[in-house]
Amino acid sequence: MAHAGSVKGYDVVVLGGGVAGCVLAARLSEDPGRSVCLVEAGRDYGPRDGGWPRTLLDARSLPRDHVWERHAAAHRIRARIIGGSSCVNGCWNTWGAHADHADWVRAGGGRWSARAMEPFRLAAVERMGLRPVPESEFSVWSSAALEAAGELGYPRVDMGTSGTPGYGTPLINSFDGLRWNAAFAYLDPARERPGLTVLDAALVDRMHIVRGRVRGVDIVRGGERTTLAADDYIVACGTYGSPAVLLRSGLGPADHLREHGIRPEAELLGVGANLSDQPGVFVPLAPTGALEAALAGKEAAGDLYVSRMLVRAASDRCPPGSWDLHLLPVAGPPLFGSLPPGRYEAGISSFLMKPASRGRVALRSADPTEALDIRPGFFSDPEGHDLAVVRRGLDLVGELAATAALGKLVRPPGGVPATFTDEEIRARTGTYWHPVGTCAMGPADDPYAVVDGTGRVHGVSNLRVADASVLPTVPAANTQLPVLAVAELLADAMRTEAARS
Ligand SMILES: Cc1cc2nc3c(=O)[nH]c(=O)nc-3n(C[C@H](O)[C@H](O)[C@H](O)COP(=O)(O)OP(=O)(O)OC[C@H]3O[C@@H](n4cnc5c(N)ncnc54)[C@H](O)[C@@H]3O)c2cc1C
């Protein structure tokens with residue numbers, strides 16, 4: 001690597017051009033008097049018509065390119081591209097339960113209540129162009145699953161808002177098979193602004209912190225090391241990337257930092273701790289020939305999506321009126337691996353939405369190119385709460401599979417799924433890809449709190465974190481829409497503060 005190059009000054013530097021980073025860069029550059037630099041490790045293919053790879057645009061499958069570690073375990077998958085994980089994700093958008101906000105208000109104050117967040121949820125829905133699933137995208141399987149949930153007595157609910165348990169369809173950010181990512185939605189309308197600079201293929205290494213203020217950030221681009229300077233710094237590198245940047249900058253548990261030769265600048269025990277993700281178990285069911293033929297027809301027409309409906313379900317451990325499970329009937333080409341032409345996978349996943357277990361993210365070294373040590377900690381809670389809820393979810397999967405509507409599409413009819421031992425559940429566990437919590441917000445007297453309710457890092461005056469990592473607990477939802485709303489909220493808090501000063 002070459003030595004530090006020129007220093008350029010901006011008002012704000014946003015580190016990480018993912019879902020939250022695109023929102024922040026777009027919202028903060030609305031003020032023509034503010035210069036904003038957005039720094040992203042992955043490629044920026046420019047505006048929507050700028051030659052984006054087909055894999056990223058095709059909303060019918062989850063691409064494995066443009067990620068940090070192509071061949072890593074599934075839970076490590078995260079995008080490395082402008083637009084972040086919205087370029088590789090399932091385009092599903094749901095909102096969590098009212099109960100989620102209670103945790104967030106305790107940690108960050110009144111602006112995190114359901115009512116106070118509503119304008120930001122609405123702004124995100126509008127700017128991302130989220131819309132209901134069109135009828136043409138339902139396969140025989142998805143339609144039967146809707147009928148099956150009704151057959152079991154679940155009420156139909158709106159998945160884009162809080163509410164009650166029930167079944168329904170997500171809001172989607174895809175149009176005729178095109179995945180509409182956060183860069184298209186937020187950055188494209190802002191790209192021509194003179195105050196906005198986008199630096200792609202630029203890896204953030206570390207910030208320089210002197211007496212409680214960030215003085216610059218080192219990035220590596222094309223083998224050249226450069227230090228960028230700004231008045232304010234916002235880290236938005238995601239739940240895995242943000243704690244890594246903080247740790248390399250000397251913000252974190254002092255012992256861990258010293259172990260890697262990093263000088264501690266502030267002891268923040270929560271950096272990298274409290275990793276919370278939603279594990280799930282897929283229950284395979286054998287599709288009938290008729291189901292496979294119907295799926296083949298749909299695929300030939302270009303309209304096959306593996307899942308288009310979900311059930312919000314409650315275990316007996318869930319607070320009244322809320323839900324702690326998502327049941328997802330899926331049918332189509334397998335997510336990983338392949339089957340011969342005309343053969344498909346069918347089944348139902350049970351996802352644990354409010355896990356008690358916690359994992360962690362840590363450094364393996366101070367080298368920013370080295371893979372991180374990521375431990376999701378699935379089912380590690382000593383009371384066994386998480387296993388008990390997933391087990392209840394599997395019972396509910398059995399009930400869904402045994403309905404008249406779905407039962408006739410699988411072999412044997414009613415396809416009662418196997419019962420799994422605890423060990424089998426652990427072995428079959430996958431992720432819903434909704435990690436949060438590694439730079440959790442909380443009051444300054446909580447030793448594990450990393451940021452306050454406006455994203456400001458405790459003990460560092462001009463530094464914020466603003467992405468999925470600040471949520472202390474995961475919502476009972478898919479996280480893209482909540483993270484969009486979090487970034488809208490934090491951008492608003494920053495603009496309000498700036499207007500006052
Ligand atoms: C495979 C997959 C499927 C998913 N499916 C869904 C779904 O269907 N619905 C849903 O709601 N949610 C889904 N999610 C989750 C959703 O995409 C995330 O919650 C959301 O993207 C989080 O936004 P973020 O801004 O915190 O992080 P990201 O969007 O991941 O953005 C972080 C950005 O920071 C960049 N970065 C990281 N480190 C550095 C560094 N050192 N230097 C420079 N740049 C850096 C990354 O390259 C990335 O672009 C899925 C996620 C994955 C991975």
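In listed order, ligands and their atoms are each counted from 1.
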Please say whether the positively charged group of Arg76, taken as NZ for Lys or CZ for Arg, lies over the ring of Tyr240, i.e. under 6.0 angstrom from the six-membered ring centre and within 45 degrees of the axis.
no
Decide whether an N or O pair under 3.5 Å exists between Trp92 and ligand 1.
yes
Using distance alone, with no hydrogens and no angle criterion, decide if Arg464 and Thr454 have a side-chain donor and acceptor under 3.5 Å apart.
yes
Polar atom proximity, Leu481 to ligand 1 (N or O, under 3.5 Å)
no
Shortest protein heavy-atom distance from atom 28 (P) of ligand 1, along with the residue and atom involved:
Ser85 N, 3.8 Å
Specify side chain, backbone, both or neither for Ala182, according to which of its non-hydrogen atoms lie closer than 4.0 Å to ligand 1.
neither
Is there a polar contact between ligand 1 and Ile81, counting only N or O atoms under 3.5 Å apart?
yes
Residue, atom name and distance, where the atom is the protein heavy atom closest to atom 36 (N) of ligand 1
Trp68 CZ2, 3.7 Å
What I want to know is whether Val204 and ligand 1 share at least one N or O pair that is separated by under 3.5 angstrom.
yes
Under 4.0 Å, heavy atoms only, figure out whether ligand 1 is touched by the backbone of Ala487, its side chain, both or neither.
neither
Closest non-hydrogen protein atom to atom 3 (C) of ligand 1, residue and atom name please, with distance?
Asn89 CB, 3.4 Å
Below 4.0 Å, non-hydrogen atoms only: which portion of Ala79 touches ligand 1? Side chain, backbone, both or neither.
backbone
Tell me the closest heavy-atom pair linking Gly377 and Ser357, and the distance in Å.
O-CB, 3.2 Å
Among the heavy atoms of Asn93, does any lie under 4.0 Å from an atom of ligand 1?
no
